[in-house]
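The block underneath contains the structure these notes are about, expressed in structure tokens.
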Number of protein chains: 2
Amino acid sequence: MKRFTKHTIKNSLKRIFMYRSCLMRLKMIGVEKVYSYTLADETGVTADQVRKDFSEYGITGNKKGGYEVNDLIEKLEKIFHRNKDHNIVLIGMGNIGTSLSRYNNFIHRNMNIVATFDIDPFKQKTRSEIPVYAMSRLKEIIDRFRVKVAIIAVPEISAQEVADELIQAGIKGIINFAPVLLKTPGDVIVNNINLCDELESVIYYVHSQMKSTGAKNLELLYRGMKY
Amino acid sequence: MKRFTKHTIKNSLKRIFMYRSCLMRLKMIGVEKVYSYTLADETGVTADQVRKDFSEYGITGNKKGGYEVNDLIEKLEKIFHRNKDHNIVLIGMGNIGTSLSRYNNFIHRNMNIVATFDIDPFKQKTRSEIPVYAMSRLKEIIDRFRVKVAIIAVPEISAQEVADELIQAGIKGIINFAPVLLKTPGDVIVNNINLCDELESVIYYVHSQMKSTGAKNLELLYRGMKY
DNA sequence: ATTTAAATGTGAAAAGATTCACAAAACACA
DNA sequence: TGTGTTTTGTGAATCTTTTCACATTTAAAT
């Protein structure tokens with residue numbers, strides 16, 4: 001029997017990412033200094049929360065003076081190990097997998113898909129820009145590029161099997177697009193992205209909202225929301 | 001100035017989706033009855049939580065008898081308005097947008113992308129299986145198909161503009177793949193999916209874990225996890 | 001140099017989510 | 001019919017996250 005562990009990503013970390021992305025934009029348009037409420041306004045949280053989050057990750061500004069944009073970005077980069085490149089492998093060159101392999105934003109953020117894998121021999125092309133290998137070469141490539149993080153984009157039916165192979169090959173973090181919950185040992189982090197569920201959540205809230213005409217039943221709606 | 005609201009999707013709702021997906025699988029393999037601990041084991045949560053979640057959404061089983069799989073699925077379908085089809089529009093037929101338009105799992109769950117839109121005239125093809133329209137026809141199509149939910153898969157730079165147009169046209173829920181936080185009125189639900197952030201989260205945790213060799217500094221790691 | 005005003009950083013309080021624990025229900029079997 | 005066992009459903013307790021509130025710091029103005 002397999003050990004089962006579920007990891008969830010902290011909201012505070014997700015917010016930190018928002019702050020950074022926001023800072024990048026502000027830097028671009030020439031802003032040099034921000035205050036907790038600047039970031040709060042931009043990201044839809046409270047200024048208290050921004051400061052609490054910074055405090056959690058050991059980020060400090062200067063009183064009255066706020067935060068210096070460049071300095072803040074630098075601190076965040078350090079926390080996120082974004083000084084160096086990160087090699088990623090992607091398994092499954094189907095519909096979603098192929099589009100992820102071409103997703104330029106990963107590259108812009110120093111996350112490089114160095115190799116992809118597929119069981120279909122017709123898809124295997126080791127000479128293309130991002131090579132598509134057979135699954136048999138998984139461990140070899142992962143070792144060569146010192147890969148620690150993988151993207152799973154295979155059909156539901158084979159996702160667990162692929163995850164097991166990846167873990168065997170030394171992968172410690174997985175982002176999984178197959179609509180199934182992966183079972184992994186405790187030291188392997190999994191981030192499940194279920195596109196259907198995400199879309200259904202939206203539909204659910206839209207319907208809840210439409211049902212609650214005006215103020216009636218609004219409480220039920222807001223039980224599921226933050227603002 | 002625009003009103004700004006951030007909506008977040010409740011954890012309990014996400015878990016409910018997990019339970020359902022799990023129930024579907026169990027039904028497929030012929031299971032007729034489940035207990036709170038069955039679902040708990042399968043989804044990596046506690047049995048208490050399963051029951052609490054059910055209680056929150058008004059779902060009941062029978063004491064000692066557990067839950068009848070078919071009955072449970074039916075109740076969930078009702079909660080999720082899954083008895084009828086849902087028409088969706090998708091904006092942006094680039095890399096990600098195109099793959100989402102071909103994502104069959106949406107259809108399997110009665111979420112139909114009835115139309116897509118792109119500013120590029122070369123992509124516009126109203127005769128293909130899923131038509132690609134010019135943005136000028138947005139309101140017309142949304143009205144005709146009574147669409148309430150949209151997928152945004154346009155570049156970062158134009159995402160807010162597209163969101164504004166969608167809201168003008170009567171859209172009440174948006175799932176946004178552009179790496180930018182959309183600002184929307186309070187009655188419009190937005191679910192932001194930032195693929196880079198999701199991947200970065202994984203990298204962050206993998207690195208934290210690697211730094212904390214053995215038990216040392218483990219506390220820091222587990223601050224970010226649930227098990 | 002002193003005062004004033006503005007923003008941070010962080011304990012304490014409040015709100016929210018999860019786990020505990022047990023009474024109530026219902027099935028099984030004598 | 002009654003007894004024992006199993007599982008639900010839910011208040012109470014605990015743990016986590018967010019918000020509040022204010023002392024402290026520092027930039028700017030006088």
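Source: prediction; values computed, not measured. Letters A, B, ... are given to chains in the order of the sequence lines, protein chains preceding strands, and every chain is numbered from 1.
- Across the protein-nucleic acid pair, Arg51(A) atom CZ and dT25(D) atom C1' stand 13 Å apart, rounded to whole Å.
- Taking atom CD of Glu56(A) as the reference point, atom C1' of dT10(C) lies 13 Å away to the nearest angstrom.
- Applying the ring pair (Phe, Tyr, Trp, His ring centres under 6.0 Å) test to pairs two or more places apart or on separate chains, those with a residue in residues 34-53 of chain A are Tyr35(A)-Tyr37(A).
- For the contact set between residues 58-70 of chain B and DNA chain D, defined by any heavy atom under 4.0 Å, the members are Thr60(B), Gly61(B), Asn62(B), Lys63(B), Lys64(B), Gly66(B), Tyr67(B).
- Put simply, the side chain of Asn194(A) gets close to the backbone of Asp197(A): a donor and an acceptor are under 3.5 Å apart.
- Per the geometry, CG belonging to Leu72(A) stands 16 Å off P belonging to dA7(C), to the nearest Å.
- Between the P atom of dT17(D) and the CZ atom of Phe54(A) lies a distance of 18 Å, rounded to the nearest Å.
- No donor-acceptor pair closer than 3.5 Å links the side chain of Ser158(A) to the backbone N or O of Glu161(A).
- Taking side-chain N and O atoms only, Ser36(A) has no distance below 4.0 Å to OP1 or OP2 of dA7(C).
- Closest approach to the Tyr37(B) side chain among dT7(D), dG11(C), dG11(D) is made by dT7(D) (side chain taken as heavy atoms from C-beta onward).
- Note: CG (Asp48(A)) to P (dA7(C)) measures 14 Å, nearest angstrom.
- Inter-residue side-chain proximity for Ile88(A) and Asn112(A) is flagged as unmet; no heavy-atom pair is nearer than 4.5 Å.
- When rounded to the nearest whole Å, the span between NZ of Lys52(B) and C1' of dC20(C) equals 10 Å.
- Side-chain atoms of Asn95(A) and Tyr103(B) include no donor-acceptor pair closer than 3.5 Å.
- What separates OH of Tyr35(A) from C1' of dT26(D) is a distance of 12 Å, to the nearest Å.
- Distances from the side chain of Lys10(A) to the nucleotides dT17(D), dT19(D), dT8(D) place dT17(D) closest.
- Of the side-chain N and O atoms in Gln49(B), one or more sit less than 4.0 angstrom from OP1 or OP2 of dT19(C).
- Ring planes of Tyr204(A) and Phe80(B): perpendicular class, angle over 60° (limits at 30 and 60°).
- Put simply, the side chain of Lys75(A) gets close to the backbone of Thr60(A): a donor and an acceptor are under 3.5 Å apart.
- When the P atom of dG9(D) is taken as reference, atom CG of Asp53(B) falls 13 Å away, rounded to whole Å.
- If Thr46(B) and Ser55(A) are placed on DNA chain C by their nearest nucleotide, the residue sitting closer to the 5' end is Ser55(A).
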